[in-house]
Amino acid sequence: MPKFDEKPRVFLEEFRVKNAPEDYGLDDETWDFKKFVKKFKIVVVRMDNFEMEFDLIGIQPAFANAFRRLMLSEVPSMAIEKVMIKNNTSIIQDEVLAHRLGLIPLKADPRLFEYKSEEDTEGTEFNTLEFSLKVKCTNSKSQPKDSYRAEDLYENHSIYSSHMKWHPIGNQATVYKEADVGPVHKDILISKMRPGHEIDLQMIAVKGIGKDHAKFSPVATATYRLLPEVTLTREVCDSEATLLQSCFSPGVIGIDSKNRAYVKDARYDACSRNVYRYDTIKDSAILSRVRDHFIFNVESVGAIPPQIIFVEAVKILRDKCRSFLDELNKFS
Amino acid sequence: MNISELPGDDDSGPTCRTYVFRNESHTLGNSLKCIINKYDDVEFCGYTVPHPAESKMHFRIQARETPALEVLKRGLKDLEMVCDHTINLFDKEVKRFNKV
């Protein structure tokens, strides 16, 4: 048995998942903020405007899960909430069309808008965005003789999100550009039509949170998993080494110049327990996960970059604590 | 009011209380429970969402000597500190990543 360093682990054995006997402070230690600060580390692994991968190391699962839940359901974003349909002669039903429009991600930055309260009947420039969609499908003027393709025969036979037109309210035109508030993607297919079909409608987008409706969620996915670890207990050579390599995800096990297997990088291992299928090598590897090392994957829908979504999520939790503290101080 | 006290604890002294949080659930409940359970004086701390259709969270604290209200306040303060530290550290790491 190799010596492990001081990290809480969970072992993936052949027939069970076993917690390590030592918890190293994950369970029953008294709370100490200084100790938490000392242990807690963040590492950014990958980041762009849409996707991000980062590690939270040395944190309680409760906190990691709270951050994930907050990103999914409590960080606000803008989405179409009301659709006024003046005319819809296409084959897609009004309510289905309205639902589809609601799910189109908008580029508008929710931090620049306010929530529209239930009592407000009229939206203001600070809490609503107005869009319209007016498309009519007609026969193409230059009717080709020997083509039966829809794009040759008809005009406007597919409606895309790029057909949506933004109508600034009040001062909005000076503050935002259409590209800053409109749909994130120009090529989202909304409906298909044939000559004679027409869609004419108005849309109102407001700020909301994912708890109310998934369309308000600013993330496509926000997940975490525990860091996988593979430890080899003995030397594995030649044909056994290649067999061992095939038991893990590509890139996890490497084979050196002397044909010996070594653990190259277990981070992206899928944690399948294929090794245990082979009696010759099942004793050679210990599979485990580090219980306080969370690998977060945050994928933004496009309105705000993932690193801001995470910070906003933590801020929401902090503000919750503050408002409850204020209330409790008035308590008695 | 978004927070209130559940009646029925008059006999058990000020150290045992159940608080009802409105519009909260596992996000706050579990992380707060996780901190408060680690306090030395706390005998029991747990939370429940009694019904999924009601957005309420019941939070129970049983301490030995400290009043439950003080324990809850301390928990919220500690959780706030955790959040502040997370934001600062995350911003620092993002800046460092952008530099490289």
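Quantities reported herein were computed from a predicted structural model and do not represent experimental measurements. In what follows, chains are A, B, ... by sequence order, proteins preceding strands, each numbered from 1.
With a threshold of 4.5 angstrom between heavy atoms, A:Phe40 approaches chain B through its backbone and through its side chain. At a 4.5 Å heavy-atom cutoff, B:Ser55 makes no contact with chain A through either its backbone or its side chain. In this structure, the portion of A:Lys211 lying under 4.5 Å from any heavy atom of chain B is its side chain and not its backbone. The parts of A:Phe324 that come within reach of chain B are both its backbone and its side chain, each placing non-hydrogen atoms under 4.5 angstrom from that chain.
Within the 6.0 Å centre-distance limit, the rings of A:Phe296 and A:Tyr224 are counted as a close aromatic pair. For B:His26 and B:Tyr47, the gap between ring centers is short of 6.0 Å.
Contact count versus chain A (heavy atoms, under 4.5 Å) is highest, among B:Arg96, B:Lys77, B:Lys73, B:Glu5, for B:Lys73. Ranked by heavy-atom pairs under 4.5 Å with chain A, the first of B:Asp91, B:Leu89, B:Val42, B:Asn37 is B:Leu89. For the set B:Asn30, B:Ile87, B:Asn98, the entry with the most heavy-atom pairs within less than 4.5 Å of chain A is B:Ile87. Taking A:Val43, A:Val311, A:Ile59 one by one and counting their heavy-atom pairs under 4.5 Å with chain B, the maximum is reached by A:Val311. For the set A:Asp32, A:Val37, A:Asp319, A:Leu56, the count of heavy-atom pairs under 4.5 angstrom toward chain B peaks at A:Val37.
For A:Lys177, the side-chain contact (heavy atoms from CB on, under 4.5 Å) criterion is met by A:Asp180, not counting sequence neighbours. Under the side-chain contact (heavy atoms from CB on, under 4.5 Å) criterion, A:Val184 pairs with A:Phe50, A:Pro105, A:Lys107, not counting sequence neighbours. When the salt bridge (charged side-chain N to carboxylate O under 4.0 Å, His left out) test is applied to A:Arg267, the partners found at least two apart in sequence or on another chain are A:Glu53, A:Asp55.
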Query raised in the report: Passes side chain to side chain contact (heavy atoms under 4.5 Å, CB included), B:Arg17 versus B:Val71? Steps please.
Result: CA-CA 10 Å; B:Arg17 283 290 178 276; B:Val71 176; over 6 Å; no

Query raised in the report: Does the pair A:Phe310 and B:Phe90 meet the rule for a ring-ring contact (aromatic ring centres under 6.0 Å, His included), with working shown?
Result: CA-CA 9 Å; A:Phe310 181 76; B:Phe90 187 80; 4.5 Å; yes

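Contacts between residues 61-80 of chain A and chain B, counted as heavy-atom pairs separated by less than 4.5 Å, involve A:Ala62, A:Phe63, A:Ala66, A:Phe67, A:Arg69, A:Leu70, A:Glu74.
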